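What follows is a single structure, written as structure tokens, with notes after it.
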Amino acid sequence: MKAVILVGGQGTRLRPLTNEIPKPMLPMANIPFFEHTLRLLKSYGITDIILSSGYLGDHFRDYFKDGSHLGVKLTHVIEDEPLGTCGAVKNVEGLFGKDTVAVLNGDILSSVNFEHLLLFHKERGAKVTLTLYSVEDPTAYGLVPLNGDGRVTEFVEKPSFDQVTTHWINAGIYLIEPEVLKYAPKGQNYSFERGLFPALLDKNIPIYGFPYSGYWKDIGSPQNYLKAHHDILEGRVTFDYHGQEVKPRVYIADGCNISDKANLFGPSIVGKNCSIDDNAFVFSCTTIGNNVKIAKSAKIYDSIIFDDVEIGENCIIKSSILARGVRLGDEVHIDNLSVLGDEVKVGHRNYLAKGIKLSPQSIIKEDQIRF
Ligand code: GDD
Ligand code: MG
């Protein structure tokens, strides 16, 4: 079975992190998130993979090249204009044979079993099988009501509260028979969710839902991106760590210089060549990237720190995300799902909270912000 992974979206909800890096290339436990998806497919013997990108598409090609180092064969197709989720697949249909194709949204962390999914699809004689996941609030997703036989009866993308009749949502992982693409227009922006799926249902073409109850998360918002890190660190989803487990669930990569007087609590990860000074605390559920410097008595709780960040003395960082090359002076306090873009500089004694988002390269002078 071949797979197409859709990675052409702009990742708007993750700005400013996605201003210069496409969402699936963001680090996840210190490796590009997309690598996890490739490893998952490979573990089911799916190695012929088409990557449909657009926004900052070169990043995928430059980093993953032909995929051979991961044991897969990647074909990169970069759209000049976004073609939408279905348009993107239509655009590469010439690369399919007649066999079933797996289509994946590129921002999903999951452990979906593709063997079970394929078996289910074949047994039902489905033309499309949608993996379904049950969530409390389906309004941010595609709602997928089923009949008693497991056939999809309707598809409501981003339903309003009064349209919510089920908790099953589209998990963004499909199997399709390539023949259904004849109902999709060529060269136009067209979506599965608002276009092809409703059109197939109108034609009574069988779409089935495959209920999935393992780990699943769309990483496309700061909350979910942070939560996905927690879940990886807490072991709720399998993931390959780089680094040595120096004490229970504290992983430290090579070349670090960590003071004997620093305190690290698991689960946490520290990347390569980091330094952590006396009396600094790295509390649980924290991921520190490569080449990060953490000065004396700084405290980091439940946060994601990208590569090349410098954190001054006595800083406090809680439940926040600092992108590549951020520099913090001393006594800076960052809290409450704040997100600092690449190379932001914050002078001494600023207090940034309430989910503040700072664009890349912003500069905040000393003593400027206090919420
Ligand atoms: N190649 C290409 N071209 N890819 C695209 C395009 C495009 O024009 N537009 C979006 N994508 C990719 C995105 O990069 C992402 O990986 C995937 O398609 C889904 O887009 P999102 O923008 O993340 O959509 P969503 O999260 O709001 O909703 C989708 O996913 C939900 C599950 O997380 C829908 O499929 C929902 O129905 C679903 O419930
Ligand atoms: Mg998404």
Side-chain angles (χ1 to χ4, degrees), residues 3-15 17-18 21-26 28 32-34 36-38 49-61 75-93 95 102-110 112 128 130-145 152 154-159 163-164 166-174 176 184-185 187-198 201 207 209-212 215-225 227-228:
V4 185
I5 310 179
L6 302 172
V7 293
Q10 299 201 1
T12 41
R13 284 163 296 173
L14 275 175
R15 283 185 191 150
L17 301 176
T18 47
I21 306 182
K23 176 168 55 175
M25 288 300 290
L26 288 173
M28 180 65 75
F33 170 69
F34 189 65
H36 174 75
T37 312
L38 295 180
I49 299 167
I50 300 153
L51 191 54
S52 169
S53 62
Y55 176 69
L56 301 174
D58 293 350
H59 286 243
F60 297 95
R61 201 182 41 201
T75 306
H76 296 269
V77 178
I78 304 182
E79 293 164 7
D80 296 330
E81 293 294 326
L83 289 170
T85 48
C86 181
V89 177
K90 176 83 178 169
N91 185 41
V92 299
E93 71 178 334
L95 300 170
V103 178
L104 291 85
N105 287 354
D107 58 350
I108 305 298
L109 178 61
S110 85
V112 165
V128 175
L130 309 180
T131 308
L132 306 183
Y133 189 71
S134 177
V135 295
E136 278 284 301
D137 174 10
T139 55
Y141 302 102
L143 191 78
V144 189
V152 175
E154 213 186 340
F155 195 102
V156 192
E157 183 64 12
K158 311 284 180 322
Q163 289 176 303
V164 173
T166 173
H167 287 281
W168 290 115
I169 57 122
N170 167 25
I173 300 172
Y174 324 125
I176 65 167
Q188 280 180 36
N189 188 302
Y190 190 62
S191 92
F192 279 118
E193 298 85 347
R194 294 193 165 85
L196 189 69
F197 295 151
L201 291 173
I207 305 185
F210 172 74
Y212 166 71
Y215 184 85
W216 183 90
K217 188 155 292 299
D218 177 324
I219 65 148
S221 66
Q223 287 88 335
N224 285 0
Y225 181 55
K227 182 70 172 59

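What's counted below: heavy atoms across the whole structure, side chains too, no hydrogens, waters or symmetry copies. Note that ligands are numbered from 1 as they come in the structure, with each ligand's atoms numbered from 1 the same way. Values in this document were obtained by computation on a predicted structure and should not be read as measured data.
The protein heavy-atom contact nearest to atom 32 (C) of ligand 1 is Asn170 O, 3.4 Å. With respect to atom 3 (N) of ligand 1, the closest heavy atom belonging to the protein is Glu79 OE1, 3.0 Å. The protein non-hydrogen atom at the shortest distance from atom 13 (C) of ligand 1 is Gly9 N, 3.5 Å. Nearest protein heavy-atom neighbour of atom 33 (O) of ligand 1: Asp218 OD2, 2.6 Å. Summary of contacts: the protein heavy atom closest to atom 37 (O) of ligand 1 is Glu157 OE1, 2.6 Å.
Residues that satisfy the side-chain contact (heavy atoms from CB on, under 4.5 Å) test with Leu26, not counting sequence neighbours, are Leu14, Leu17, Thr18, Ile21, Tyr225, Phe306.
The shortest N or O to N or O distance between Gly106 and ligand 1 is under 3.5 Å. In terms of polar-atom proximity, Thr85 is not counted as a contact of ligand 1, lacking any N or O under 3.5 Å from an N or O of the ligand. Note: no N/O pair closer than 3.5 Å links Ala171 and ligand 1 by distance alone. Residue Gly172 has no N or O atom closer than 3.5 Å to an N or O atom of ligand 1. Ligand 1 has no nitrogen or oxygen under 3.5 angstrom from a nitrogen or oxygen of Trp216. By the 3.5 Å distance cut-off applied to N or O atoms, Ser52 is counted among the residues near ligand 1. Ligand 1 has no N or O atom lying under 3.5 Å from any N or O atom of Ile108, backbone or side chain. Where the criterion is an N or O separation shorter than 3.5 Å, residue side chain and backbone included, Tyr141 fails it with respect to ligand 1. Between Phe155 and ligand 1, no N or O atom pair is found at a separation short of 3.5 Å.
For ligand 1, the atoms closer than 4.0 angstrom to any heavy atom of Leu83 are 8 (O). The Lys158 neighbourhood of ligand 1 comprises atoms 25 (P), 27 (O), 28 (O), with distances under 4.0 Å to a heavy atom of that residue. Which parts of ligand 1 touch Glu193 is read off a 4.0 Å heavy-atom cut-off, strictly below it: atoms 34 (C), 35 (O), 37 (O).
For a distance threshold of 2.8 Å, the protein N, O or S atoms nearer than that to the Mg ion (ligand 2), listed by chain and number, are Asp107 OD2, Asp218 OD2.
By the 4.0 Å heavy-atom criterion, Phe34 is excluded from the residues contacting ligand 1. Proximity of Gln10 to ligand 1 is not established, as no heavy-atom distance is less than 4.0 Å.
Per-atom contact check: atom 1 (N) of ligand 1 touches the protein, criterion being a heavy-atom distance below 4.0 Å. In this structure, atom 23 (O) of ligand 1 is in close contact with the protein, since a protein heavy atom lies within 4.0 Å of it.
Residue-level proximity to ligand 1 for Lys217 is absent, since no heavy atom of it falls below 4.0 angstrom.
The closest heavy-atom contact to atom 7 (C) of ligand 1, among the options Gly84, Ala140, Ala88, Ser53, comes from Gly84.
Aromatic ring orientation, Phe197 versus Phe155: tilted (interplanar angle from 30° to 60°).
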